[in-house]
Every structure is written in C-alpha cells, then in structure tokens.
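Below is one structure, written out as structure tokens; comments come after it.
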Amino acid sequence: MEPAGAMEPAGPVGRARLRERVTRWLFLLPALAYLLLFFGYPLVKNVVMSFQQYSATTFYTGEAPFAGLRNYTEVLPSDLFREALLTTVLFTVGSLAGQFVIGLALALFFQRRFPLNGVLRSLLLLPWLLPLVVSGTTWRWMLDTDTGVVNRVLRDLHLVSSGVPWLTGTSQALVSVILVNIWVGIPFNTALLYGGLQAVPAHLYEAAKLDGAGPVTSFRHVTWPLLRPVAGVVLVLGVVYTVKVLDIILVVTGGGPADATQTLATRSYALSFQEFDFGRGAALGNVLILLSLVLALVHLRAGRRAADS
C-alpha cells in the first residue's frame, strides 16, 4: 500500500484546477447572463406568444388565452403570406448575388497595390457604418419620381423622357429596395473577402504564373478554392441578415406599393405593431427564424460536402 501522505500532492493540484474552472465560469457568467436575458428570453417569449391570443388588450388585462395552432393556421395559408415569402426569396437572392459579386470584384481590385488604396478602402466602409435609417432616407430622396437625383441624371442623359417610378411602381419598387440593400451590404462583403484573399499564399500565384496560367485560370484554380471557406461564411451571414431586413424596406417603401415589397419581416412587423395582433406576428416571426436556420444549415452542409469532395 502507498503511504497515507502519498496523495497529498494531488490535493493542491486538484484545488488549483478547481479554482481555474471556477475562474473560467466566472468570466463566462456575464456573457451567458447577457445571452439568456437579451436573446434567450425574447426567443422563448416569442414562441409562447405565438400560441396565445395576444393583443393590445393583453397589456391592460394581462390575459392571453391559449390559441393553440390558430395563429399559424391563419397566417400560413393566406395569399399575403405566399406573396411575402416569394418577395423575401427574390429580395434575398437578388441582394446576396449583387453584394457578393460586387464585393468580390472590389476585393480583387484592392488586392493590387496603388496609391490611396487604404484611403479608398476606408471610404468604402462608410455605407456600412451609416445608420440604416439614414441610408434609407437618403435613397428615398434620391429615388423620388419627381425630384430625385437619379431621375434627374437619367433625364439629363436623355435615357428617359419622364421620371421612373422607382418607389411607386409595383414592378420597380422591389428592384429599388434590392439595389439599396446591395449598396449597404457591399462594404461588409468586400471587407471579409479581402481578408480572405490576404490569406492566400503569394507563392501559389507565382507558381501558377510560371505554369502559364492567366488571371482567370489563377482565380479558378488558386484563389477560389482557398477563398471558398470565407465565401461560405459571407453567404451564410448574408442569408441570415437579409431575410430579416426591416429598416431599409420600411423607410424606403414601407412595404408598398400594393404590398410589392412586403417581405416576411415587414409583414410580421405590420401584424404586431400596426394591427396589434402580436400572436400572429410572433407566429410569422417564428417562421422567419426557422427559414433562416434552414437556409443557413443547407448552405453549411453544401459547403462541407464541397470541401470534403
């Protein structure tokens, strides 16, 4: 048998490890408390509210009768939901395509060394730093049919004879909010993709050049394979952000005209804060959350399969 004092050195070591674990948790507790309070509680409350008949009178009476799945069965089969879902898909796909393609082009452009490179990259961040309400208000003024600067320039160039109804035409309004959202998201895409390009080793480009590869071949066989993980992250973040865009659409078009720019996010807002039907608004909000999760998981799984192949 080992002497009784043989286990004594393990005591201080065990206490030190315990103190280390406790210290780690003490540092994590504020962050966990913040997440539970400002993210966990609203999410749980939204789910519970979607199964209740929750209206403006609930704030006075405190009564929110259980409604079961009625909020979902009233929201999901409606024609307005299907139109909002289609608009959300078109808005998301159009915004992501424009932001990613232009962001990647700018990232490749700024990879070259030229005077004022850093200054121009800093100025490019301004649209992303501006509050969305300010950006939306500015674009609403610029796209005004009668006094907007966009139509004024088009008329001066003799490209149009009368003002284009960017915000009041049912076929132009969705294109307008997509263009505004692209403008807002370009700096974010450019910054992340530019950072990913900096991680590509320079000697790979030199080897490709020695093998006779041109710019297109180098991008296809060197840049894109190494940039794909960063591109996947950019697209996933873009999907999660874009499907819930609210500020820009509310400020620029308000969801109109004739619900032409009504997305799931704006429809959920309208149900909750314009019609004061918080139960149906919460139900539609939960559908939006599930849609975001599904799209993100599908893209992540596709990216993982592409990386393994």
Side-chain angles (χ1 to χ4, degrees), residues 83-107 120-157 159-160 162-193 234-270 273-274 288 291-292 295:
E83 293 174 3
L85 180 60
L86 177 60
T87 303
T88 302
V89 173
L90 294 175
F91 178 77
T92 302
V93 173
S95 297
L96 288 182
Q99 291 172 359
F100 186 82
V101 171
I102 299 176
L104 180 58
L106 288 173
L120 291 177
R121 279 191 286 120
S122 301
L123 292 176
L124 188 66
L125 292 175
L126 286 178
W128 189 44
L129 297 175
L130 287 174
L132 293 179
V133 174
V134 175
S135 300
T137 304
T138 303
W139 275 101
R140 183 179 177 87
W141 167 74
M142 292 174 61
L143 294 173
D144 186 85
T145 304
D146 300 320
T147 61
V149 66
V150 174
N151 279 336
R152 187 177 303 173
V153 171
L154 292 177
R155 283 194 294 263
D156 291 342
L157 295 176
L159 296 177
V160 296
S162 60
V164 179
W166 297 107
L167 305 179
T168 57
T170 54
S171 58
Q172 294 91 350
L174 182 58
V175 176
S176 299
V177 292
I178 289 175
L179 292 176
V180 174
N181 195 52
I182 288 174
W183 180 81
V184 171
I186 286 174
F188 178 77
N189 283 256
T190 303
L192 291 186
L193 293 172
V234 171
L235 290 174
V236 169
L237 293 176
V239 168
V240 174
Y241 168 78
T242 306
V243 294
K244 64 180 183 62
V245 165
L246 180 67
D247 319 56
I248 293 174
I249 298 177
L250 285 182
V251 174
V252 176
T253 62
D259 296 324
T261 57
Q262 192 81 266
T263 62
L264 293 180
T266 59
R267 181 57 185 156
S268 177
Y269 172 85
F273 301 104
Q274 292 178 355
L288 184 60
L291 179 62
S292 303
L295 291 174

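Given the structure is predicted, the values throughout are model-derived calculations rather than measurements.
Between the D144 side chain and the R140 main chain, no donor and acceptor come within less than 3.5 Å of each other. Side chain of S268 to backbone of A265: no donor-acceptor contact under 3.5 angstrom is found. No side-chain donor-acceptor contact under 3.5 Å links T87 to the backbone of T261.
From I102, atom CD1 reaches atom CG of N189 across 9.5 Å, with rounding to the nearest 0.5 Å. Rounded to the nearest 0.5 Å, atoms CE (M142) and CZ (R152) are 11.0 Å apart. To the nearest 0.5 Å, atom CG of residue L288 and atom CG of residue L85 are 10.0 Å apart. Here the straight-line distance linking atom CG of L90 with atom OG1 of T263 works out to 11.5 Å at 0.5 Å rounding. Summarising the geometry, atom CG belonging to D247 is positioned 11.5 Å from atom OG1 belonging to T266; distances are rounded to the nearest 0.5 Å. Rounding to the nearest 0.5 Å places NZ of K244 at 13.0 Å from OG1 of T88.
Between L104 and V234, every side-chain heavy-atom pair lies at or beyond the 4.5 Å cut-off. Taking 4.5 Å as the limit, every side-chain heavy atom of T145 sits out of range of all side-chain heavy atoms of V164.
Checked against side chain to side chain donor-acceptor pair (under 3.5 Å), T92 has no partners two or more places apart in sequence or in another chain. Qualifying side chain to side chain donor-acceptor pair (under 3.5 Å) partners for S95, counting only residues two or more places apart in sequence or in other chains: N181. Annotation: ring-ring contact (aromatic ring centres under 6.0 Å, His included) contacts of Y241 (sequence neighbours excluded): none. Residues satisfying the side chain to side chain donor-acceptor pair (under 3.5 Å) criterion with Q99, sequence neighbours excluded, are absent altogether.
V252 pairs with exactly one of I249, I248, L250 by the side chain to side chain contact (heavy atoms under 4.5 Å, CB included) rule, that one being I248. Remark: of the listed residues V243, V245, L264, V245 is the sole one forming a side chain to side chain contact (heavy atoms under 4.5 Å, CB included) with F91.
When every heavy atom of R267 is checked against every heavy atom of Q262, the shortest pair comes out as N-OE1, 3.4 Å.
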With a 3.5 Å cut-off and sequence neighbours excluded, list the donor-acceptor pairs that the side chains of residues 123-139 form with protein atoms.
| unit_1 | atom_1 | unit_2 | atom_2 | d |
| --- | --- | --- | --- | --- |
| S135 | OG | P131 | O | 3.4 |
| T137 | OG1 | V133 | O | 2.7 |
| T138 | OG1 | V134 | O | 2.8 |

Side chains of residues 166-177: which donor-acceptor pairs under 3.5 Å do they make with residues two or more places apart or in other chains?
| unit_1 | atom_1 | unit_2 | atom_2 | d |
| --- | --- | --- | --- | --- |
| W166 | NE1 | N151 | OD1 | 2.9 |
| S176 | OG | W166 | O | 2.8 |
| S176 | OG | Q172 | O | 2.9 |

